[in-house]
Structures are given as C-alpha cells and as structure tokens.
Amino acid sequence: MSRSILVTGGAGYVGSHTVVQLLLGRFKVVVIDIPNSPLEIVLKRVAKLAGEFGKNLAFYQMDLRDKPALEKLFACTSFDAVIHTAGLKAVRESVKNPLLYYNNNVIGTINLLEVMVSHGCKKLVFSSSATVYGWPKEVPCTEDFPLCAANPYARTKLFMEEVCRDIYSSDSEWKIIILRYFNPVGAHPSGSIGENPSGTPNNLVPFIQQVALGRRPELTVFGSDYSTKDRTGVRDYIHVVDLANGHLAALRKLFDSNIGCEVYNLGSGKGTSVLELVSAFEKACGKKIPLLMAGRRPGDAEIVYASTDKAERELNWKAEYGIEEMCRDQWNWASKNPFGYGSPDHSTSQKTSSS
Ligand code: UD1
C-alpha cells in the first residue's frame with residue numbers, strides 16, 4: 001500500500017516540484033493551498049508530469065488558519081506524514097506587515113501541528129530556511145551554527161523550528177525533519193512548472209529573468225565592495241528539483257529510522273557570486289543582462305553557503321545540478337511562461353513555499 005502524504009503549500013514553487021517527485025516515488029499525495037493560489041492550473045500540470053501516477057494526487061483549497069476545515073480533512077483521510085511548505089516568504093513585506101507573517105506562518109503552523117496531534121499523525125518535514133543563520137561568521141554553515149533572525153519572516157521560521165524541537169521534547173513519538181533551504185532556483189526541466197512571483201521580484205534569479213524577458217531594463221547589483229571573489233554577494237543556489245528530491249530523502253528517513261527531531265541543510269555546498277550567476281544566465285538565454293551597480297541592500301549577508309555533509313551522510317542526498325542547469329531550466333520555464341501561471345493583467349499570489 002502506498003503511503004499518503006499531505007503537502008501544505010503544494011501549489012507553491014518548492015511544493016509543486018516536491019509533489020511531482022513524490023508522485024513519481026509512488027506516494028499518494030493530498031495538496032492543500034490557499035484559495036487564491038493558481039492551484040488548479042499548477043496541479044493539472046503536476047499531475048501530467050507524473051504520468052500514470054498523476055491519479056494519486058488530490059487537492060483542496062484551504063487556509064491553514066481555517067482549523068475546522070483542516071480537522072475535517074484529517075477526519076476523512078489518514079496521513080502517514082506531512083510536508084509543510086506553506087508560508088509567506090517576502091522579507092521586505094514581513095518588515096512592513098509583521099502581523100501578517102505571524103498570523104500566516106505561526107498560527108497556520110500551530111493549527112496544523114494541533115490537528116496532526118489530535119489525529120495521531122506525528123511525522124513532519126518542515127520547510128525552514130538558511131535565513132536562520134543570519135549573518136554567519138564563517139562558511140560553510142553547519143547545522144549547529146548559532147541561530148539569529150534578522151526580520152519577522154526569519155523569526156517565523158526560527159520560532160517554528162523551536163516549536164518543533166519543543167514538541168519532540170514533550171513527546172518522543174514525533175519524528176520531525178527540519179530542512180533549511182538555501183537559495184532555490186531553476187524549474188522543472190519540462191518548463192511547465194516554475195516560480196510564479198507577483199509584482200517586483202525580491203530574489204535575484206526571478207529579477208534577472210524579468211530583465212531577460214524585457215520586462216525590466218536592468219538588474220541592480222546590490223553591493224560591489226564585499227570581500228568576495230568579484231566583490232559581489234555570494235550565495236548557495238540549489239536547483240529546485242534537487243531540493244524536491246531532498247524532501248523524498250527526508251521522508252525516507254522519517255519512515256525508516258528513529259530520527260527524533262533533526263535539522264538538515266539543503267544546498268549545493270558551493271558559493272556563487274551575483275556576477276557569476278548573471279554570466280551563467282546570459283549564456284542560458286543568449287542575451288546580455290544590463291547591470292546597474294549600487295550600494296549594499298540593508299540586511300544582506302556577504303557570503304552564505306551550506307555545509308551539506310550531514311545531509312549527504314544521513315539522508316544519502318546530494319545536489320546533482322549546477323548553476324548552468326539551474327539557469328537553463330529557469331530560462332526554459334520563463335520563455336514558455338513569461339507571466340508565470342497568470343496573464344499579464346492578473347498577477348498571482350506571492351505566497352510560495354519558503355526558501
Ligand atoms: C533572501 C532573503 C532570505 C530568503 C532568501 C531566499 C533578504 C535580506 N533575505 O536571501 O531571507 O531566505 O532570499 O528566498 O531578502 N541581489 C542583487 N540584486 C537583486 C536581488 C538580489 O544584487 O535585485 C543579490 C543580493 O544582494 C544577494 C544575492 O543577490 O547577494 C541573492 O539575493 P536573494 O535572491 O534576494 O537571496 P538572499 O539574499 O540570499
């Protein structure tokens with residue numbers, strides 16, 4: 001009998017790619033996502049990518065803050081585990097509207113955990129973020145580094161990590177894996193699912209993509225005075241399909257071991273600068289990306305990349321794709337879907353899974 005997995009935020013960027021891999025891995029999947037996400041379009045494409053296994057996918061529009069609806073879902077379906085990717089993730093928005101972030105990311109997660117407890121489902125994969133390392137004093141970041149949240153979004157991730165640790169301490173029947181995502185980029189190689197940000201993108205690659213598509217005149221490079229290889233900021237970019245596979249590795253660990261509550265970094269383990277990424281994207285799209293060199297973005301760290309030793313050792317997982325494949329697949333998605341899942345006039349939700 002195949003296992004049944006609930007994926008919250010399953011129509012989001014990381015969620016949708018994870019659902020494809022889960023279906024191909026023979027899991028039954030139930031997705032919930034917020035009512036205004038392009039849920040149906042995304043999940044139709046997800047089911048198609050999973051071929052004959054697409055029939056094992058069900059989905060519901062549901063907000064995690066609607067606890068009665070969540071109760072109802074758990075009352076009629078028995079889940080073997082939950083992958084919780086749902087959450088708001090725009091740092092600037094979280095600074096402007098912290099209550100929105102605490103309401104969504106904290107209350108939503110607490111509701112989910114309470115309903116899981118009341119239905120005896122105690123296996124969880126939680127999407128956290130490298131943002132909990134703040135401004136790391138050294139690299140690569142290992143999972144035992146001190147944690148520090150620099151904005152409300154980061155605090156929601158850090159708080160929920162602590163909640164996970166506390167509930168495990170109170171009840172050792174829980175099995176919880178916390179995944180700290182580094183910088184997810186790229187898209188499914190088919191080009192039919194990818195990231196769908198609304199408005200002005202906050203993150204580097206979606207912004208470069210819009211410049212390449214002619215929707216913005218240039219990329220502003222935030223900071224060219226860092227003590228890095230070419231003076232621009234360095235990050236750990238990871239292909240979203242590698243990240244999705246990391247969730248499968250985590251699930252296997254939940255089912256096959258007495259894991260307790262553990263944290264794993266999901267990154268490539270390599271540092272790439274803004275200029276290196278721009279140059280890889282230029283190669284992928286065959287266009288020049290005009291640059292505007294500017295000052296540092298407030299709050300930005302200089303250099304962040306992951307140690308992936310623990311995930312390699314204990315989850316038997318390692319990222320396979322490099323920057324070239326990330327840019328190739330990002331551009332393939334972008335050129336096939338220049339306005340994401342929406343039309344130019346209908347911007348879609350900013351809500352995605354965390355990163
Ligand atoms: C940001 C968030 C972080 C979140 C992560 C992934 C901030 C301060 N941090 O991190 O909490 O977990 O996204 O979603 O927002 N850059 C430019 N020009 C741009 C955009 C970015 O030069 O228009 C540079 C940045 O300065 C940085 C690099 O590109 O050096 C990557 O930026 P970004 O994609 O925003 O990711 P993070 O800063 O790692």
Side-chain angles (χ1 to χ4, degrees), residues 9 12-15 85 87-96 98 101 105 127-136 139 141 147-158 160-161 179-186 195-197 199-212 215-238 240 243 265-268 270-281 289-306 323 326-327 330 350-355:
Y13 177 42
V14 175
T85 76
L88 299 174
K89 65 154 207 170
V91 173
R92 250 180 304 168
E93 185 185 42
S94 83
V95 174
K96 279 203 200 104
Y101 274 66
N105 295 5
S127 302
S128 186
S129 161
T131 194
V132 299
Y133 293 120
W135 303 273
V139 279
C141 302
L147 304 179
C148 147
N151 54 66
Y153 157 70
R155 253 182 297 283
T156 65
K157 289 295 172 192
L158 188 49
M160 292 305 101
E161 281 202 12
L179 298 176
R180 291 189 185 139
Y181 305 164
F182 280 68
N183 295 58
V185 300
E195 193 169 14
N196 189 44
T200 309
N202 297 299
N203 296 117
L204 179 63
V205 173
F207 204 102
I208 297 177
Q209 170 184 316
Q210 293 201 358
V211 176
R215 288 175 58 188
R216 305 197 182 265
E218 76 236 331
L219 169 75
T220 305
V221 176
F222 297 135
S224 50
D225 59 348
Y226 287 115
S227 48
T228 56
K229 39 193 157 187
D230 56 23
R231 319 285 287 169
T232 62
V234 167
R235 294 292 184 274
D236 184 334
Y237 299 94
I238 173 169
V240 66
L243 195 71
N265 287 337
L266 292 186
S268 69
K270 295 187 185 81
T272 302
S273 72
V274 173
L275 295 184
E276 284 174 331
L277 196 73
V278 167
S279 139
F281 204 96
I289 305 293
L291 302 180
L292 177 69
M293 305 311 280
R296 296 180 180 195
R297 183 172 65 177
D300 263 358
E302 179 168 81
I303 170 161
V304 185
Y305 61 87
I323 287 293
M326 295 178 213
C327 292
Q330 183 85 30
Q350 174 72 32
K351 179 191 165 291
T352 63
S353 37
S354 358
S355 54

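Note: hydrogens, waters and symmetry copies are ignored here, and every other heavy atom, side chains too, is used. Ligands are counted one by one from 1 in listed order, and the atoms in each one are counted from 1 as well. Residue numbers run from 1 in the order of the sequence given.
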Check: Do Val205 and Leu277 have side chains that get closer than 4.5 Å, going by heavy atoms?
Finding: yes
Check: Mind checking whether Leu204 and Val274 have side chains closer than 4.5 Å, heavy atoms only?
Finding: yes
Check: Does ligand 1 have any atom that is closer than 4.0 Å to a heavy atom of Tyr226?
Finding: no
Going by the order shown, which atoms of ligand 1 are within less than 4.0 Å of some heavy atom of [X]?
{"X": "Val221", "value": "22 (O)"}
{"X": "Val91", "value": "2 (C), 3 (C), 7 (C), 9 (N), 11 (O), 15 (O)"}
{"X": "Thr220", "value": "17 (C), 18 (N), 19 (C), 22 (O), 23 (O)"}
{"X": "Tyr237", "value": "28 (C), 31 (C)"}
{"X": "Asn202", "value": "20 (C), 35 (O)"}
{"X": "Thr131", "value": "11 (O), 12 (O)"}

Please classify the [X] to ligand 1 contact at 4.0 Å (heavy-atom distances, strictly less than): side chain, backbone, both or neither.
{"X": "Asp300", "value": "side chain"}
{"X": "Asn183", "value": "side chain"}
{"X": "Leu219", "value": "side chain"}
{"X": "Tyr133", "value": "neither"}
{"X": "Tyr153", "value": "side chain"}
{"X": "Val274", "value": "side chain"}

Short question: side chain of [X], backbone of [Y] - any donor-acceptor pair under 3.5 Å?
{"X": "Trp135", "Y": "Gly299", "result": "yes"}
{"X": "Asp230", "Y": "Ser273", "result": "no"}
{"X": "Arg296", "Y": "Gly223", "result": "no"}

Check: Who passes side chain to side chain contact (heavy atoms under 4.5 Å, CB included) against Thr220, sequence neighbours left out?
Finding: Phe222, Leu292, Ala294
Note to self: Please enumerate all residues that pass side chain to side chain contact (heavy atoms under 4.5 Å, CB included) together with Arg231, with sequence neighbours excluded.
What the structure shows: none
Checklist line | From Gln209 atom CD to Glu195 atom CD, the distance as rounded to the nearest 0.5 Å | finding: 8.0 Å
Check: Out of curiosity, Thr272 OG1 to Asp236 CG, how far, rounded to the nearest 0.5 Å?
Finding: 7.5 Å
Close N or O approach ([X], ligand 1; < 3.5 Å):
{"X": "Gly233", "answer": "no"}
{"X": "Phe222", "answer": "yes"}
{"X": "Ser129", "answer": "yes"}

Next item on the list: May I ask which of Arg216, Arg92, Lys89, Arg297 has a heavy atom nearer to atom 10 (O) of ligand 1 than the others do?
Entry: Arg297
Check: Do Tyr101 and Glu93 have side-chain N/O donor and acceptor atoms under 3.5 Å apart?
Finding: yes
